[in-house]
Amino acid sequence: MALLKIAVAAAALALALATIRAGAAGEATLGGAAGASGRYFGAALDPDALDERPYRELAATQLTCVTPENAMKWGSVEPLRGEYDWDRADALVAFAKAHGQKVRGHTLVWHSQLPLWLINGAFSPDELRSLMVAHIAAEAGRYRGAIYAWDVVNEPFTDDGNWRNSIWREAMGPDYVAIALKAARAADPDAKLYVNDYNVESAGPKMRALYDFVASLKRDGVPIDGVGLQSHFVAGKTPADFVAVVQKFASLGVDVAVTELDIRIRLPADDKALAAQADDYASVVRACRETPRCVGVTTWGITDDRSWVPSFFSGYGAALPFDENYRPKPAVAAIIDGFTEKAP
Ligand code: 9MR
């Protein structure tokens, strides 16, 4: 009897969640479409904006995975040495839990958005190694069990395929990546561990450097579960060999995820540009769908009014699936089709 009650309650919950996922008017959603192909659809979110109703509702109904755009970066969580501020990261994790969403943690080890005390601390190599390992233990340990995947190391290479200079590389050489991955595995054994980078979505020196490096991690038995392709694209210029690159990384025996997708348009964005952008979104989704190890797609933001693009690329914007009034752009239907259309 008790078991029956649990089963009935579980079925009711599943139905409620499915109804939420179907969106307000019962229309298809990004997360629902991705789910139909066994994948997730995610977006980077700003936990502060979750207080605003339209933003919160879009995030709750459209997404099956969320990522903190900035809230889990070292500079955000430990602005002063030993003084942690987990509030915004906690809020995002709680939101995801309340809505049955996965969380992609971003990011444990990066050269950017580090706290000033760390950059200016004149620490010795041994101290930096200890600080890095302790940071991973603290953050990945705090969210142990709540994180689907961690971007353990972010952006380790330069565009010409060399190691990017950072306090981590200076202290430990390229070994810092393996040290970080092992520390992350120890802190949260169930999280998928990723290396994440940009300009690796098309064959070239940086893509080959990342490929060769992940192959070497696998050979050496270092815990690495996935490669994140950030995918910050320009409408009309999405790499023609994207599907081949996704499949090449997957051939290493790791998961592949599109982690920071946005497709910027030279403003003003007219109908033609929005249509071209929609085609590009669909082609990214199809590339993922055609690759069994491609687990999901995350966009870097969800609405055009909250995107990093206009402030970093002058004259460009309108890069996300929903516009600044939270209305779906042609990209939304294209993404849904990309996940659900029958194979040709
Ligand atoms: O979107 C983020 C923006 O709000 C921050 O100011 C910026 C700081 O460098 O980081 C942005 O996110 C980046 C991500 O963490 C790593 N890949 C590139 C993203 C866009 O710059």
Side-chain angles (χ1 to χ4, degrees), residues 42-50 52 55 59 63 65-79 85 88-89 91-92 103-116 118-119 135-136 139-140 143 147 149-159 164-169 177 180 184 193-202 206-207 209-210 226-235 238-239 256-265 284 296-322 324:
L45 298 181
D46 172 0
D48 291 338
L50 290 172
E52 296 161 27
Y55 185 87
L63 307 177
C65 182
V66 297
T67 305
E69 183 169 354
N70 290 301
M72 284 186 181
K73 292 170 179 173
W74 198 331
S76 303
V77 299
E78 196 187 4
D85 177 0
R88 295 165 75 246
L92 191 88
V103 181
R104 290 198 86 262
H106 176 87
T107 172
L108 294 168
V109 181
W110 193 23
H111 63 275
S112 183
Q113 284 180 289
L114 294 169
L116 286 176
L118 183 56
I119 299 169
H135 168 68
I136 293 169
E139 181 152 22
Y143 298 113
I147 302 285
W150 267 113
D151 289 332
V152 177
V153 173
N154 197 34
E155 304 174 356
F157 292 106
T158 59
D159 282 352
R164 182 193 290 277
N165 218 5
S166 68
I167 56 171
W168 313 119
R169 193 209 144 188
V177 180
L193 307 181
Y194 277 65
V195 175
N196 188 49
D197 215 327
Y198 65 92
N199 287 355
V200 290
E201 302 85 1
S202 181
K206 191 174 190 179
M207 177 262 157
L210 180 61
V227 172
L229 310 178
Q230 292 187 8
S231 308
H232 296 291
F233 293 148
V234 181
T238 298
V256 181
V258 177
T259 52
E260 301 185 15
L261 179 63
D262 47 26
I263 304 182
R264 58 188 180 267
I265 292 175
V284 171
V297 174
T298 294
T299 50
W300 207 240
I302 183 160
T303 58
D304 286 336
D305 61 327
R306 294 177 180 278
S307 161
W308 71 297
V309 166
S311 54
F312 278 75
F313 299 100
S314 154
Y316 285 85
L320 291 165
F322 291 85
E324 58 284 348

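Just follow the structure's listing: the first ligand is 1, and inside any ligand the first atom is 1. As the structure is a prediction and not an experimental result, all values here were calculated from the model. Only heavy atoms go into these numbers, but all of them, side chains included; no hydrogens, no water, no symmetry mates.
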TODO: Only counting residues at least two apart or in another chain, list the ones meeting side chain to side chain contact (heavy atoms under 4.5 Å, CB included) with Val309.
DONE: Asp262, Arg264, Ser307, Phe313, Tyr316, Ala319
Task: Side-chain donor or acceptor of Lys73 paired with backbone N/O of Val109 under 3.5 Å - done: no
Task: Sequence neighbours excluded - salt bridge (charged side-chain N to carboxylate O under 4.0 Å, His left out) pairs with any residue from residues 104-116 - done: Arg104-Asp151
Task: Output field: ring centroids Trp168/His111 closer than 6.0 Å - done: no
Open item on the list: My understanding is that only residues two or more places apart in sequence, or in another chain, count here; which of them pass side chain to side chain contact (heavy atoms under 4.5 Å, CB included) with Ser231?
Closed with: Glu201, Leu229, Phe233, Phe242, Val258, Leu261
I'd like the atom pairs linking ligand 1 to the protein - N or O on both sides, separation under 3.5 Å - with distances to 0.1 Å.
{"unit_1": "ligand 1", "atom_1": "1 (O)", "unit_2": "Glu69", "atom_2": "OE2", "d": "2.4"}
{"unit_1": "ligand 1", "atom_1": "1 (O)", "unit_2": "Trp300", "atom_2": "NE1", "d": "2.9"}
{"unit_1": "ligand 1", "atom_1": "4 (O)", "unit_2": "Glu69", "atom_2": "OE2", "d": "3.4"}
{"unit_1": "ligand 1", "atom_1": "4 (O)", "unit_2": "Asn70", "atom_2": "ND2", "d": "3.0"}
{"unit_1": "ligand 1", "atom_1": "10 (O)", "unit_2": "Lys73", "atom_2": "NZ", "d": "3.2"}
{"unit_1": "ligand 1", "atom_1": "10 (O)", "unit_2": "Gln113", "atom_2": "OE1", "d": "3.4"}
{"unit_1": "ligand 1", "atom_1": "12 (O)", "unit_2": "Lys73", "atom_2": "NZ", "d": "3.3"}
{"unit_1": "ligand 1", "atom_1": "12 (O)", "unit_2": "Trp300", "atom_2": "NE1", "d": "3.2"}
{"unit_1": "ligand 1", "atom_1": "15 (O)", "unit_2": "Lys73", "atom_2": "NZ", "d": "2.6"}
{"unit_1": "ligand 1", "atom_1": "15 (O)", "unit_2": "His106", "atom_2": "NE2", "d": "2.7"}
{"unit_1": "ligand 1", "atom_1": "17 (N)", "unit_2": "Glu155", "atom_2": "OE2", "d": "2.9"}
{"unit_1": "ligand 1", "atom_1": "17 (N)", "unit_2": "Gln230", "atom_2": "OE1", "d": "3.0"}
{"unit_1": "ligand 1", "atom_1": "17 (N)", "unit_2": "Gln230", "atom_2": "NE2", "d": "3.4"}
{"unit_1": "ligand 1", "atom_1": "17 (N)", "unit_2": "Glu260", "atom_2": "OE1", "d": "2.7"}
{"unit_1": "ligand 1", "atom_1": "17 (N)", "unit_2": "Glu260", "atom_2": "OE2", "d": "3.3"}

Open item on the list: In terms of relative ring orientation, are Trp300 and His106 parallel, tilted or perpendicular, with 30° and 60° separating the classes?
Closed with: perpendicular
